[in-house]
Participant: 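Quick one: the structure is below, and I'll ask about it shortly.
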Amino acid sequence: MTFNKACLRLTFTIVVFSLLSKTATAQTGKELVIVTFGNSTTAPRKGVNQVYAIRIHDLLDASGIQNKVINSGIGGSHSGSVKDNDYTKIEHGMDRFEKAVLNHHADWVTLNFGLNDAYQDKGIGTTSRIPVEKYIENLNYFISQIRKDNGKVIVLTPNPVGSKLDRFRYERLTQYRKAAKSVAKSNKTYFIDSWKLFYRFTRRDPKSIDSLLPDGTHPNDIGHKLIADAIVKIIKRAEN
């Protein structure tokens with residue numbers, strides 16, 4: 001009986017110590033650095049209370065995971081360089097990649113490009129700002145460089161566009177969705193199909209996808225929540 005009591009006390013001590021150790025680890029563990037790299041669907045935006053970068057931080061923080069989220073989204077950005085297409089005269093993906101992503105030595109980077117890459121400035125039947133082959137090349141480059149710095153990558157497809165935009169823009173964008181999926185598969189990296197995410201959520205909504213895209217292109221707060229939830233799910237599984 002004395003021996004059994006001693007065993008029970010020892011077991012209880014081990015369990016308590018284990019729980020305390022886990023708590024201490026959660027409180028003093030390494031801070032995850034996460035960079036969200038993309039265009040206006042990533043960047044802070046008027047009319048959206050919390051873009052997904054903010055939501056990622058809050059969700060991980062609530063789970064006890066110390067983190068810092070850096071929003072490196074810029075409105076109008078495509079994945080290439082201003083030399084490739086200067087319709088929007090800003091620092092595009094390739095132009096700012098080093099300072100906006102690599103210099104942060106992030107543990108995780110999300111890549112969310114495609115809407116501006118696919119856009120046809122001269123209308124139906126014309127070329128996109130960044131040809132799909134170049135889009136693929138750019139994503140592959142981002143992934144390779146992030147991995148050299150030991151970062152993990154989550155590739156997102158561009159979100160779909162709503163009925164306010166011409167059908168030909170929707171159809172061109174599907175090529176970039178497929179390309180993003182192909183890049184993620186060939187690199188064996190984490191992947192979120194925003195297209196599927198949005199359509200699955202709105203399948204019973206009479207307004208369908210338009211309920212998430214007030215202007216036909218940019219997600220509202222619900223859309224950003226869907227993206228944030230999907231990203232956090234991946235990170236938590238990988239980090240636990």
Participant: What closest approach, in Å, do S128 and R172 show between heavy atoms, and which atom pair accounts for it?
Facilitator: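 Minimum heavy-atom contact is OG-NH1, 2.8 Å.
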
Participant: How long is the span from the CD1 atom in I227 to the CD1 atom in I192, to the nearest 0.5 Å?
Facilitator: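 Answer for the CD1-CD1 pair, I227 versus I192, is 8.0 Å.
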
Participant: Without swapping roles, check the side chain of H104 against the backbone of A106 for a donor-acceptor pair under 3.5 Å.
Facilitator: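 No, the answer is negative, given that no donor and acceptor are paired below the 3.5 Å cut-off.
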
Participant: Between the side chain of E31 and the main-chain N/O of Q66, is any donor-acceptor distance below 3.5 Å?
Facilitator: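 No; judged by distance alone, with no hydrogens or angles, the pair does not exist.
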
Participant: Would you please test V82 and I90 for side chain to side chain contact (heavy atoms under 4.5 Å, CB included) and show each step?
Facilitator: CA-CA 7 Å; V82 70; I90 59 170; over 6 Å; no

Participant: Looking at every heavy atom in both V35 and A100, which two are closest together, and how far apart are they?
Facilitator: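 The answer is CG1-O, 3.6 Å.
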
Participant: May I ask you to say whether D193 pairs ionically with R177, meaning some side-chain N is under 4.0 Å from a carboxylate O?
Facilitator: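 So D193 pairs with R177 through a salt bridge.
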
Participant: Could you tell me whether D229 and K225 have a side-chain N and a carboxylate O separated by less than 4.0 Å?
Facilitator: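 So D229 pairs with K225 through a salt bridge.
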
Participant: Taking the side chain as every heavy atom from C-beta outward, state whether I222 and F201 have any atom pair closer than 4.5 Å.
Facilitator: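 Yes, side chains in contact.
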
Participant: Do the side chains of L115 and V161 get nearer than 4.5 Å, heavy atoms only?
Facilitator: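 Sidechains of L115 and V161: in contact.
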
Participant: Identify the heavy atoms of A118 and L173 that sit nearest to each other, and give their distance.
Facilitator: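 Smallest heavy-atom distance, with atoms named: CB-CD1, 3.8 Å.
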
Participant: So, T217 side chain and L213 main chain: donor-acceptor pair closer than 3.5 Å or not?
Facilitator: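 Looks like no, no N/O pair under 3.5 Å.
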
Participant: Would you say the side chain of K30 lies within less than 4.5 Å of the side chain of D107, judging by non-hydrogen atoms?
Facilitator: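 Side-chain contact under 4.5 Å: yes.
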
Participant: So I154 and I235, do their side chains get closer than 4.5 Å, heavy atoms only?
Facilitator: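 Side-chain contact under 4.5 Å: yes.
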
Participant: Hey, does the side chain of D149 reach the backbone of G151 with a donor-acceptor pair shorter than 3.5 angstrom?
Facilitator: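 No, D149 side chain to G151 backbone: no donor-acceptor pair under 3.5 Å.
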
Participant: Just checking F113 against Y176, ring centres under 6.0 Å apart?
Facilitator: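 Ring-ring flag for F113/Y176: false, centres at least 6.0 Å apart.
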
Participant: Has F168 got more than 12 heavy atoms of other residues, nucleotides or ligands less than 6.0 Å from its CZ?
Facilitator: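 For F168, atom CZ is crowded (more than 12 foreign heavy atoms under 6.0 Å).
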
Participant: Verify, without hydrogens or angle tests, whether D117 (side chain) and G114 (backbone) share a donor-acceptor contact under 3.5 angstrom.
Facilitator: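 Between the backbone of G114 and the side chain of D117 there is a qualifying donor-acceptor contact (under 3.5 Å).
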
Participant: What's the separation between atom CG in N116 and atom CD1 in I74, rounded to the nearest 0.5 Å?
Facilitator: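 Reported to 0.5 Å precision, the distance equals 11.5 Å.
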
Participant: Short question: side chain of H92, backbone of H78 - any donor-acceptor pair under 3.5 Å?
Facilitator: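 Yes; judged by distance alone, with no hydrogens or angles, the pair exists.
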
Participant: Rounded to the nearest 0.5 Å, what separates atom NZ in K134 from atom CG in N85?
Facilitator: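 One gets 12.5 Å once the value is rounded to the nearest 0.5 Å.
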
Participant: List the steps and the verdict of side chain to side chain contact (heavy atoms under 4.5 Å, CB included) for V153 and L111.
Facilitator: CA-CA 7 Å; V153 182; L111 301 177; 3.7 Å; yes

Participant: Looking at every heavy atom in both S194 and P160, which two are closest together, and how far apart are they?
Facilitator: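 S194 and P160 have their closest heavy atoms at O-CD, 4.2 Å.
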
Participant: Are any side-chain N or O atoms of K185 and backbone N or O atoms of S182, one a donor and one an acceptor, separated by less than 3.5 Å?
Facilitator: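 Not at all, since once roles are kept as given, no pair shorter than 3.5 Å links the two residues.
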
Participant: To the nearest 0.5 Å, what is the distance between NE2 on H224 and CD1 on I56?
Facilitator: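 CD1 of I56 is found 10.5 Å from NE2 of H224.
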
Participant: Say whether, by atom type as modelled, one donor and one acceptor occur between the side chain of N220 and the main chain of S211 under 3.5 angstrom.
Facilitator: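 Side chain of N220 to backbone of S211, a donor-acceptor pair under 3.5 Å: yes, one is there.
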
Participant: Taking C-beta and beyond as the side chain, do F191 and T157 meet within less than 4.5 Å on heavy atoms?
Facilitator: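 Counting from C-beta outward, F191 and T157 do come under 4.5 Å.
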
Participant: Using a 3.5 Å distance criterion without hydrogens, assess whether the side chain of S77 forms a donor-acceptor pair with backbone atoms of N39.
Facilitator: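 Not at all, since once roles are kept as given, no pair shorter than 3.5 Å links the two residues.
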
Participant: Of all the heavy-atom pairs spanning G75 and A43, show the shortest one and how long it is.
Facilitator: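 Smallest interatomic distance, heavy atoms only, reads N-CB, 4.2 Å.
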
Participant: Where does the angle between the aromatic ring planes of F142 and F97 fall among parallel (under 30°), tilted (30 to 60°) and perpendicular (over 60°)?
Facilitator: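 Ring orientation of F142 relative to F97: tilted.
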
Participant: Any side-chain heavy atom of L212 sitting closer than 4.5 Å to one from T202?
Facilitator: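 In contact.
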
Participant: Taking the six-membered ring of Y52, is NZ or CZ of R55 closer than 6.0 Å to its centre and within 45° of its axis?
Facilitator: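 Geometry flag: not set, cation outside 6.0 Å or 45°.
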
Participant: Taking the six-membered ring for Trp, are Y199 and Y170 parallel (under 30°), tilted (30 to 60°) or perpendicular (over 60°)?
Facilitator: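 Perpendicular, since the angle between the ring planes exceeds 60°.
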
Participant: Report the C-alpha distance between T36 and N112 in whole Å, list the side-chain angles of each, state the deciding distance to 0.1 Å, and finish with yes or no for side chain to side chain contact (heavy atoms under 4.5 Å, CB included).
Facilitator: CA-CA 8 Å; T36 58; N112 190 352; over 6 Å; no

Participant: Can you confirm whether F198 sits close enough to P219 that some side-chain heavy atom of one is under 4.5 Å from a side-chain heavy atom of the other?
Facilitator: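 A side-chain contact exists here, since the closest heavy-atom pair is under 4.5 Å.
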
Participant: Test side chain to side chain contact (heavy atoms under 4.5 Å, CB included) on R147 and T189 and set out the steps.
Facilitator: CA-CA 10 Å; R147 283 180 164 173; T189 192; 3.4 Å; yes

Participant: Would you give the length of the straight line joining atom CG of L197 to atom CG of N159, rounded to the nearest 0.5 angstrom?
Facilitator: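 L197 CG to N159 CG: 10.0 Å, rounded to 0.5 Å.
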
Participant: Listed by chain and number, what are the side-chain contact (heavy atoms from CB on, under 4.5 Å) partners of Y119, not counting sequence neighbours?
Facilitator: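 Y119: side-chain contact (heavy atoms from CB on, under 4.5 Å) contacts with D121, R129, R169.
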
Participant: Side chains of S208 and D210: donor-acceptor distance under 3.5 Å anywhere?
Facilitator: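 The answer is no; no qualifying pair exists.
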
Participant: Show the nearest heavy-atom pair for residues N138 and M94, with the distance to one decimal.
Facilitator: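 Closest approach of N138 to M94, heavy atoms only: OD1-CE, 3.3 Å.
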
Participant: Without swapping roles, check the side chain of R96 against the backbone of S72 for a donor-acceptor pair under 3.5 Å.
Facilitator: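 Indeed, once roles are kept as given, a pair shorter than 3.5 Å links the two residues.
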
Participant: Side chains of L60 and K236: does their closest heavy-atom pair fall under 4.5 Å?
Facilitator: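 Of all side-chain heavy-atom pairs linking K236 with L60, at least one is under 4.5 Å.
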
